[in-house]
Amino acid sequence: MPSSDLVVLDFETSGLSPALGDRPIEIGAVLIRSGRVVDQFQSLMNPGFKVSSFIQDYTGISNRMLATAPPCESVMAEFATFITGSDLVAHNASFDSKFLDAELNRLGLERDEEFACSMLTARRVIPSAPNYKLGTLVNLLGIRTSGQAHRALADAQAASGVWLHMIAELKRTYALRSVPFELMQLLGKIPKRNVPAFMAEQVSGRRR
DNA sequence: TGCCAGGCCCTCTTTAGGGCCTT
């Protein structure tokens with residue numbers, strides 16, 4: 001059953017790979033319902049070890065801040081409830097999904113929710129962008145966020161802004177009443193050269 | 001001590017290589 005709720009999420013982590021022992025140090029997320037942000041989730045979390053100076057500089061999250069944060073397990077258990085039943089979006093979702101799944105697995109949980117990637121979809125919907133870094137798209141599209149880049153909630157807000165912008169752009173360009181999650185998800189997966197034919201098919205199908 | 005990922009996408013491609021994107 002497709003969900004009408006969407007959670008756009010972002011992890012700050014100790015590194016690039018849970019397979020090499022890296023863990024999340026912060027989660028930020030916004031819940032979107034009917035095209036509007038209606039809730040949000042943010043928490044630092046203690047990974048159980050000290051993070052590198054590179055990560056502290058990159059994120060602005062210090063080991064002192066993490067020392068008093070709740071452990072990953074309790075934060076992720078709460079976050080699992082927050083996302084239940086929602087479709088999921090992240091910028092470069094392959095990164096966030098592997099950390100989410102690794103933490104859920106530690107809790108003995110499995111993810112049922114579907115992921116879509118705002119970066120892959122943006123490559124099709126915004127072909128003129130100079131690159132597809134989140135910060136570049138935020139500046140290009142004039143998206144406002146409430147915090148500093150490379151903090152989880154601010155980046156989740158930024159990615160949600162990119163996502164909603166792309167939906168509005170597709171509605172305007174193709175005169176569509178709605179752009180379902182499944183269309184956005186599929187758009188990120190098809191070869192770029194197939195996008196015009198794919199969208200023509202969508203427009204035709206929705207007018208039948 | 002030094003190094004470590006991985007999925008996607010483009011092209012000088014498909015029996016491959018390298019850049020992008022995330023921390």
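In what follows, chains carry the letters A, B, and so on, assigned in the order in which the sequence lines appear, proteins first and then strands, with residues in each chain numbered from 1. As the structure is a computational prediction, the values presented were derived from the model and not from experiment.
Taking a 4.0 Å limit (strictly below) on heavy-atom distances, residues 140-157 of chain A reaches DNA chain B at A:His150, A:Asp155. Of all the residues in residues 7-25 of chain A, A:Asp10, A:Phe11, A:Glu12, A:Thr13, A:Gly15, A:Leu16, A:Ser17, A:Leu20 reach under 4.0 Å from DNA chain B with at least one non-hydrogen atom.
Here the P atom of nucleotide B:dC8 and the CG atom of A:Leu187 are 15 Å apart, to the nearest Å. Residue A:Asn92 contributes atom CG, which lies 11 Å from atom P of B:dC9 at whole-angstrom precision. For the pair A:Leu137 CG and B:dC20 P, the computed distance is 15 Å after rounding to whole Å. Rounded to whole Å, atom C1' of B:dT22 lies 11 Å from atom CZ of A:Phe54. At whole-Å resolution of the value, CZ in A:Phe115 and C1' in B:dT22 are 12 Å apart. As rounded to whole Å, 13 Å separates atom C1' of B:dG7 from atom CG of A:Asp96. The distance from atom NZ of A:Lys98 to atom P of B:dC21 is 16 Å, rounded to the nearest whole Å. A:Arg193 places its CZ atom 8 Å from the P atom of B:dC10, with the value rounded to the nearest Å.
A salt bridge links A:Arg151 with A:Glu26: the distance from a Lys NZ or Arg NE/NH1/NH2 to an Asp or Glu carboxylate oxygen falls below 4.0 Å.
With B:dG6, B:dT23, B:dC8 as the choices, the nucleotide that has an atom nearest any side-chain atom of A:Tyr58 turns out to be B:dT23. Closest to the side chain of A:Met119, from the set B:dC21, B:dG7, B:dT22, is B:dC21. Nearest nucleotide to the A:Arg124 side chain, out of B:dT23, B:dC9, B:dT22: B:dC9. If you check B:dC9, B:dC21, B:dT23 against the side chain of A:Lys192, the one that comes closest is B:dC9.
Between A:Gln157 and A:Ser146, the side chains place a donor N or O and an acceptor N or O closer than 3.5 Å (distance only, hydrogens not considered). With hydrogens and angles left out, the side-chain atoms of A:Ser118 and A:His91 include a donor and acceptor closer than 3.5 Å. In the model, A:Asp22 has no side-chain atom that pairs as donor or acceptor with a side-chain atom of A:Thr13 under 3.5 Å.
For B:dG18 and B:dT13, the P atoms lie 13 Å apart once the distance is rounded to whole Å. The gap from the P atom of B:dT1 to that of B:dG6 amounts to 26 Å, rounded to the nearest Å. B:dC4 and B:dC8 have their P atoms separated by 22 Å, given to the nearest Å. B:dC3 and B:dC9 have their C1' atoms separated by 27 Å, with the value rounded to a whole Å. Using P as the reference atom, B:dC12 and B:dA5 are 28 Å apart when rounded to the nearest Å. B:dG7 and B:dT23 have their C1' atoms separated by 16 Å, given to the nearest Å.
Atom CD of A:Gln202 is separated from atom CG of A:Leu186 by 7.0 Å, given to the nearest 0.5 angstrom.
The main-chain N or O of A:Pro180 is never found under 3.5 Å from a side-chain atom of A:Ser178 such that the two would form a donor-acceptor pair. For the pair A:Arg33 (side chain) and A:Val38 (backbone), a donor-acceptor distance under 3.5 Å is absent. A donor-acceptor distance shorter than 3.5 angstrom exists from the side chain of A:Asp96 to the backbone of A:Phe11, with no hydrogens or angles considered. Although no hydrogens or angles enter the test, the distance criterion places no donor-acceptor pair under 3.5 Å between the side chain of A:Glu103 and the main chain of A:Glu73.
Considering all non-hydrogen atoms of both residues, A:Leu153 and A:Gln42 come closest at CB-CG, 3.9 Å.
Among the atoms of the strands shown, only primed sugar atoms or phosphate atoms (P, OP1, OP2) are found under 4.0 Å from some heavy atom of A:Gly188.
Residue-to-nucleotide proximity on DNA chain B shows that, of A:Pro130 and A:Lys189, the 5′-proximal contact is made by A:Lys189.
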